[in-house]
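Shown next, in structure tokens, is the structure this report addresses.
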Amino acid sequence: MPPDFEAARRNMVDSQVRPNRVSDSRVLGAMRRLPRERFLPTTLADRAYIDEDIALGGGRALIEPMVIARLVQLARPLEGERGLVIGAGTGYGAAVLDACGVHVTALEEDRALLAIARPVLAAQAPDVTIVEGPLTAGLTDTGAWDIIIIEGAIAAIPQTIAAQVKRPGGRLTTVICPRPGAPGQIVLAEPSGAGLRAQPAFDAGTPMLPAFERPAGFVF
């Protein structure tokens, strides 16, 4: 029998996401609707709804549903805001943020992941703009961002990306992890008089984004 993906989506939300303090109805609704299996290579589709990160090769992963939900909810998205998802991978997190009414740009540098992201986002979240480019540089040619989500663990927030958060009022969420394999924390970073200030919110064992393992010019 083929997998019952619709039932798996419901179970994912009810058993993985909602019990972990995710209450934003837009996030929950998006995760009930979006076919997460299509954001994976067909050989991995049957793993789409497990509560684990799914390795995609090249050190990259589709991060577990609960972590994506928390990153989006913690960013406090407002309809009409501009959001940048860095390390968007195959596009699932960008699609969840798009469902919150945010004008989303998805930044990715891995062409194999982009080959999956482009058609599935065109079908499921056609308003998302996809940009190919280096992750650690962020995206500066459109002004500051209301929301930046770095979709994966990083050692610390690069100054180049910190400078792209809108002042005042911008928010950045990501997972801070001092080194690969170490415990990580989901953080909410917001502008302050002393620069971007990151506050820990939740623990998360999210895989490190390879591009961010040892970048120069961090802030935390």
Side-chain angles (χ1 to χ4, degrees), residues 12-32 34 36 51-53 61-89 91-107 125 128 135 138-139 144-158 161-178 182-192 195-209 212 218-220:
M12 175 190 72
V13 172
D14 292 338
S15 65
Q16 299 176 37
V17 180
R18 290 179 60 207
N20 282 288
R21 291 181 280 178
V22 177
S23 57
D24 189 313
S25 61
R26 301 168 300 174
V27 174
L28 297 173
M31 298 184 85
R32 289 187 191 279
L34 289 168
R36 187 172 160 92
D51 59 346
E52 297 176 5
D53 308 298
L62 176 60
I63 61 178
E64 64 179 293
M66 178 270 291
V67 173
I68 291 178
R70 282 181 161 181
L71 287 171
V72 174
Q73 178 173 274
L74 190 62
R76 306 191 304 270
L78 298 175
E79 187 168 354
E81 288 189 316
R82 298 173 64 251
L84 174 65
V85 178
I86 296 175
Y92 183 75
V96 174
L97 184 60
D98 171 77
C100 296
V102 175
H103 301 297
V104 179
T105 297
L107 177 65
V128 173
L135 305 186
L139 197 60
W145 300 92
D146 298 296
I147 294 170
I148 295 178
I149 295 176
I150 303 176
E151 197 174 315
I154 63 175
I157 304 167
I161 293 175
Q164 296 171 28
V165 179
K166 185 177 180 179
R167 289 167 169 75
R171 291 89 69 204
L172 182 151
T173 62
T174 189
V175 178
I176 297 291
C177 181
Q185 289 186 314
I186 296 176
V187 302
L188 170 64
E190 298 178 277
S192 69
L196 200 65
R197 183 181 181 188
Q199 294 292 327
F202 306 102
D203 294 335
T206 302
M208 184 79 72
L209 280 169
F212 287 87
F218 293 130
V219 296
F220 181 65

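Any value given below was found using the heavy atoms of this structure, including those in side chains, with hydrogens, waters and symmetry copies removed. Predicted model only: the values in this text are computed from it and were never measured.
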Taking atom CZ of R26 as the centre, does the number of heavy atoms from other residues, nucleotides or ligands within less than 6.0 Å exceed 12?
yes

Could you tell me whether the side chain of T174 and the main chain of G152 form a donor-acceptor pair under 3.5 Å?
yes

Do you know the tightest heavy-atom contact between D98 and A125?
OD2-CB, 3.7 Å

Test item: D51 side-chain N/O and Q16 main-chain N/O as donor-acceptor pair under 3.5 Å:
no

Looking at N20, is its backbone amide N or carbonyl O close enough to the side chain of R70 to form a donor-acceptor pair, meaning the two atoms are under 3.5 Å apart?
yes

Should I161 and I148 be marked as a side chain to side chain contact (heavy atoms under 4.5 Å, CB included) after you check the CA-CA gap, both sets of side-chain angles, and the distance that decides it?
CA-CA 9 Å; I161 293 175; I148 295 178; 4.2 Å; yes

Report the distance from atom CD of Q73 to atom CG of L188, rounding to the nearest 0.5 Å.
11.5 Å

W145 (side chain) donor-acceptor with L139 (main chain) under 3.5 angstrom
yes

Taking every non-hydrogen atom, the tightest pair across A61 and D53
CB-CB, 4.3 Å

Carefully, step by step, assess R36 and L62 under the rule side chain to side chain contact (heavy atoms under 4.5 Å, CB included).
CA-CA 10 Å; R36 187 172 160 92; L62 176 60; 3.6 Å; yes

Of the non-hydrogen atoms in P200 and Q185, which two are nearest, and what is the gap between them?
CB-OE1, 3.5 Å

Which pair of heavy atoms, one from A156 and one from I176, lies closest together, and at what distance?
CA-CD1, 3.9 Å

With a 4.5 Å limit on heavy-atom distance, are the side chains of P183 and D203 in contact?
no

In this structure, which one of R76, R167, R197, R171 forms a salt bridge (Lys or Arg N to Asp or Glu O under 4.0 Å) with E190?
R76

Between CD1 on residue I86 and CG on residue L107, distance to nearest 0.5 Å:
6.0 Å

Rounded distance [0.5 Å steps], CG in L172 versus CD1 in I147:
10.5 Å

Looking at V102, I68, L71, which one forms a side-chain contact (heavy atoms from CB on, under 4.5 Å) with I149?
L71

Roughly how far apart are M66 CE and M31 CE, rounded to 0.5 Å?
10.0 Å

If you take all heavy atoms of A94 and A106, which pair is closest and at what distance?
CB-CB, 4.0 Å

Looking at every non-hydrogen atom in both residues, tell me the closest pair between C100 and V27 and how far apart they are.
SG-CG2, 4.0 Å

Can you check side chain to side chain contact (heavy atoms under 4.5 Å, CB included) on I157 and I154, steps first, answer last?
CA-CA 7 Å; I157 304 167; I154 63 175; 4.1 Å; yes

Would you call D146 and K166 a salt bridge, taking side-chain N to carboxylate O under 4.0 Å as the test?
yes

Does the pair V72 and D24 meet the rule for a side chain to side chain contact (heavy atoms under 4.5 Å, CB included), with working shown?
CA-CA 9 Å; V72 174; D24 189 313; over 6 Å; no

Residues R32, D14: salt bridge by 4.0 Å N-O rule:
yes

Heavy-atom count check: over 12 atoms from other residues, nucleotides or ligands less than 6.0 Å from Q199 CD?
yes

Roughly how far, to the nearest 0.5 Å, is the CZ atom of F212 from the CD1 atom of I150?
5.0 Å

So L97 and V85, do their side chains get closer than 4.5 Å, heavy atoms only?
yes

Just so I know, are the side chains of V128 and T105 near enough to count as touching, which here means a heavy-atom distance under 4.5 Å?
no

